[in-house]
Participant: 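This is the structure I have questions about; it appears just below.
Per chain, numbering begins at 1; letters A, B, ... match sequence-line order. Just the heavy atoms: all of them, side chains too, but no hydrogens, waters or symmetry mates, feed the values below.
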There are 2 protein chains.
Amino acid sequence: MDFFDKAGIMTIGTRFRMLNEKMTEDANKIYPMYNVDMKPKWFPVFYIVSKEGEKSITEIANQIGHSHPSVSKIVREMINHKVLSEKKDKNDGRKNNIRLTAKGKQIADRIEDQYADVKKAVAKILDQSKFNMWYAIEEFEMLLEQKSLLQRVKEEKKYREAKKIQIVPYDPKYNESFKRLNQEWIETYFEMEEADHKALDNPEKYIIDKGGKILFALYENEPVGVCALIKMENHEYDFELAKMAVLPKMKGKGIGYLLGKSVIEEAKSLGAQKLYLESNTILKPAIQLYKKLGFQKVIGFFTPYARCNIQMGLEIKKNIDINYR
Amino acid sequence: MDFFDKAGIMTIGTRFRMLNEKMTEDANKIYPMYNVDMKPKWFPVFYIVSKEGEKSITEIANQIGHSHPSVSKIVREMINHKVLSEKKDKNDGRKNNIRLTAKGKQIADRIEDQYADVKKAVAKILDQSKFNMWYAIEEFEMLLEQKSLLQRVKEEKKYREAKKIQIVPYDPKYNESFKRLNQEWIETYFEMEEADHKALDNPEKYIIDKGGKILFALYENEPVGVCALIKMENHEYDFELAKMAVLPKMKGKGIGYLLGKSVIEEAKSLGAQKLYLESNTILKPAIQLYKKLGFQKVIGFFTPYARCNIQMGLEIKKNIDINYR
DNA sequence: TATATTTACGTAATTAGTTACGTAAATAAC
DNA sequence: GTTATTTACGTAACTAATTACGTAAATATA
């Protein structure tokens with residue numbers, strides 16, 4: 001139907017249901033042709049018990065991919081129709097062992113011809129198909145197992161949104177955002193300190209004028225993330241990566257990574273060789289990000305921040321300049 | 001799963017359900033990612049109304065392939081969530097026109113990104129597949145529309161059973177069957193006549209000894225069908241095809257056609273050129289069969305049978321003997 | 001114009017599955 | 001050996017669809 005093509009995968013449920021209804025309707029007429037007292041919904045249970053012999057409710061449920069209450073109900077129906085019989089397990093009083101009755105065995109016998117006929121009929125359909133539905137479903141299930149639809153959609157979303165993020169250099173008009181974004185997370189986990197106030201209230205004086213940089217991430221022209229590069233004087237490290245913040249509702253879009261990468265590039269272009277940063281181990285996603293950017297734990301440096309309990313460093317690799325000429 | 005491969009198409013319902021459950025679970029998590037107040041089961045209704053504007057309950061139901069009560073309930077839920085609004089049709093008081101509210105329009109707007117992301121995610125799965133599931137289902141549906149599973153299974157059954165049918169020549173041990181099979185249908189529709197008794201009680205004398213033939217159809221070595229070829233003396237036609245009968249519960253397996261073909265072959269090998277038969281038009285399947293065998297209506301011959309209201313004839317074509325030497 | 005049929009759609013009952021929960025038996029942990 | 005946890009499975013409640021049915025409006029028919 002046209003609707004399915006337009007609306008796509010989100011309607012797969014309806015499509016499956018309709019196809020299944022058609023098949024069930026036919027199955028309902030096929031069983032009597034073989035003189036078999038069977039309902040389509042009984043079939044999976046019947047098949048397992050007839051092919052593999054006595055089985056408990058849970059074993060059947062696991063094999064056919066139903067919940068155990070479903071099997072319990074189907075088995076009850078089939079017992080009422082004298083197709084199955086039940087018997088408590090001798091060694092395990094919880095188990096209810098299910099097996100075919102004489103009538104069930106008779107059905108198993110008669111149904112063999114039906115299996116053969118249905119298999120041939122379906123094989124002919126699939127042979128005529130360019131895209132074998134049986135294999136297609138198997139393949140689809142396999143690919144979803146490797147990576148779920150949810151995961152795949154998340155990736156597409158992240159990718160699409162990342163393209164909408166712009167990294168721009170410092171501009172006084174973002175001063176208020178610079179403070180707000182940082183204050184937000186600092187006050188969530190810690191308290192604002194002396195050094196915070198200095199840098200956040202006057203970035204121009206304390207960061208830019210001292211040879212540092214500030215980069216902003218814009219989403220639809222609104223600042224949603226920030227990261228600063230602060231010049232370190234008389235220090236083994238050239239710059240400190242600091243004041244990194246991302247708007248909470250914009251997390252998970254790779255903005256932090258993008259800012260980090262950009263700041264490192266910036267440092268490189270300023271001739272920096274070693275970057276330094278301070279953080280706290282309760283900020284797990286941040287530490288994770290720093291590691292992803294290449295930072296490793298270092299020790300022994302002085303810090304003015306009370307909240308700092310981890311220090312990290314990164315050696316910037318020079319680009320290897322391959323000259324093909 | 002192994003179970004599906006072994007048990008085949010009769011478990012397609014379970015397989016569809018499981019795949020659908022997995023997708024629905026993911027869909028439930030995907031909608032909130034886009035800030036959209038939507039349930040997977042609402043989606044088809046939402047899609048139609050958002051893309052095509054105001055629509056009545058039945059129109060929606062037809063387009064998305066649900067029953068109208070289903071749409072009625074879903075719409076009620078969506079109205080409670082302020083996603084849709086309803087309004088009686090001005091010109092037709094039975095109709096309930098459904099459209100998006102402001103909130104619904106906002107959702108339609110937000111969901112566009114989701115469509116794009118989901119489409120890309122699915123496209124990547126299908127591109128990786130050797131058998132494209134979307135096309136595969138479409139193809140399968142199309143092939144089932146051309147000929148239903150039921151029809152296909154019937155054909156396979158007929159073919160398999162036809163192979164189990166043997167056509168054998170007259171043997172006195174089948175005398176009782178010869179009478180029973182014919183008496184059965186004659187007494188169902190008519191009454192036994194003088195000529196019936198003669199032929200059925202003494203086939204050897206009245207048919208075989210006069211240069212005629214009787215063929216039996218055996219199914220698992222039991223006679224289930226019969227047809228006689230009666231020599232016609234001083235007549236334009238060489239033989240009469242008569243006393244054709246098939247056991248009622250064995251109908252629909254092509255036994256009649258097989259007997260007819262065999263009898264015609266037999267006649268040909270006896271040098272016959274024209275066959276004749278008598279019947280009654282209330283026996284529609286029989287007349288149908290005679291036509292299929294090549295008989296055509298003829299008129300004006302004498303008959304001893306009261307039940308005869310149609311006479312038919314067949315000119316036997318000689319095999320064209322192509323000699324390649 | 002009156003009457004019969006068809007159409008739209010809401011409510012109720014049914015179906016085939018699910019999850020939630022409780023109980024009893026078996027097994028593991030201390 | 002007692003206690004805690006896990007397992008088996010039945011019952012109850014829920015879900016998302018269906019079919020069945022009734023009513024009212026619209027349309028066709030005589």
Participant: Given dT18(D), dG17(C), dC9(C), identify the nucleotide with an atom nearest to the side chain of H66(A).
Facilitator: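 The listed nucleotide nearest to H66(A)'s side chain is dG17(C).
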Participant: Would you indicate which nucleotide in dA12(C), dG17(C), dA24(C) comes nearest to any side-chain atom of I74(A)?
Facilitator: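 Shortest atom-to-atom distance from the side chain points to dG17(C).
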Participant: For E86(A) and for P69(B), find the nucleotide of DNA chain D with the closest heavy atom, then tell me which residue's nucleotide is more 5'.
Facilitator: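 This one resolves to E86(A).
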Participant: Under 4.0 Å from OP1 or OP2 of dT19(C): is there any side-chain N or O of S67(A) that close?
Facilitator: no
Participant: Given dC9(C), dG17(C), dT18(D), identify the nucleotide with an atom nearest to the side chain of S72(B).
Facilitator: dC9(C)
Participant: Side chain of R94(A) only, heavy atoms from C-beta on: which candidate in dC9(C), dC9(D), dA25(C) is closest?
Facilitator: dA25(C)
Participant: Could you work out which one of dA13(D), dC9(D), dA25(C) sits closest to the side chain of N96(A)?
Facilitator: dC9(D)
Participant: Go through the side-chain N and O atoms of D117(A) and Y34(A) and say whether any donor and acceptor fall under 3.5 Å apart.
Facilitator: yes
Participant: Under 4.0 angstrom, heavy atoms only, what part of the nucleic acid is N91(A) near: base, sugar-phosphate, or nothing?
Facilitator: sugar-phosphate
Participant: Which nucleotide sits closest to the side chain of D92(B): dA25(D), dA8(D), dT18(D)?
Facilitator: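 The listed nucleotide nearest to D92(B)'s side chain is dA25(D).
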Participant: Taking the side chain of I57(A) as heavy atoms from C-beta outward, which of dA25(D), dT6(D), dG10(D) is closest to it?
Facilitator: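 Between dA25(D), dT6(D), dG10(D), the one nearest the side chain of I57(A) would be dG10(D).
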Participant: Can a donor-acceptor pair be found between the side chains of E52(A) and Q63(A) at a distance below 3.5 Å?
Facilitator: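 E52(A) vs Q63(A): donor-acceptor pair found between side chains.
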Participant: Find the distance K73(A):NZ to dC9(D):C1' and express it as a whole number of Å.
Facilitator: 13 Å
Participant: How about F131(A) and Y135(B): are their ring centroids closer than 6.0 Å?
Facilitator: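 Ring centroids of F131(A) and Y135(B) are less than 6.0 Å from each other.
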Participant: Between the side chains of H66(B) and R17(A), is a donor N or O closer than 3.5 angstrom to an acceptor N or O?
Facilitator: yes
Participant: Can you tell me which nucleotide in dC9(D), dG10(D), dG17(C) comes closest to the side chain of T58(A)?
Facilitator: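 Nucleotide nearest to T58(A)'s side chain: dC9(D).
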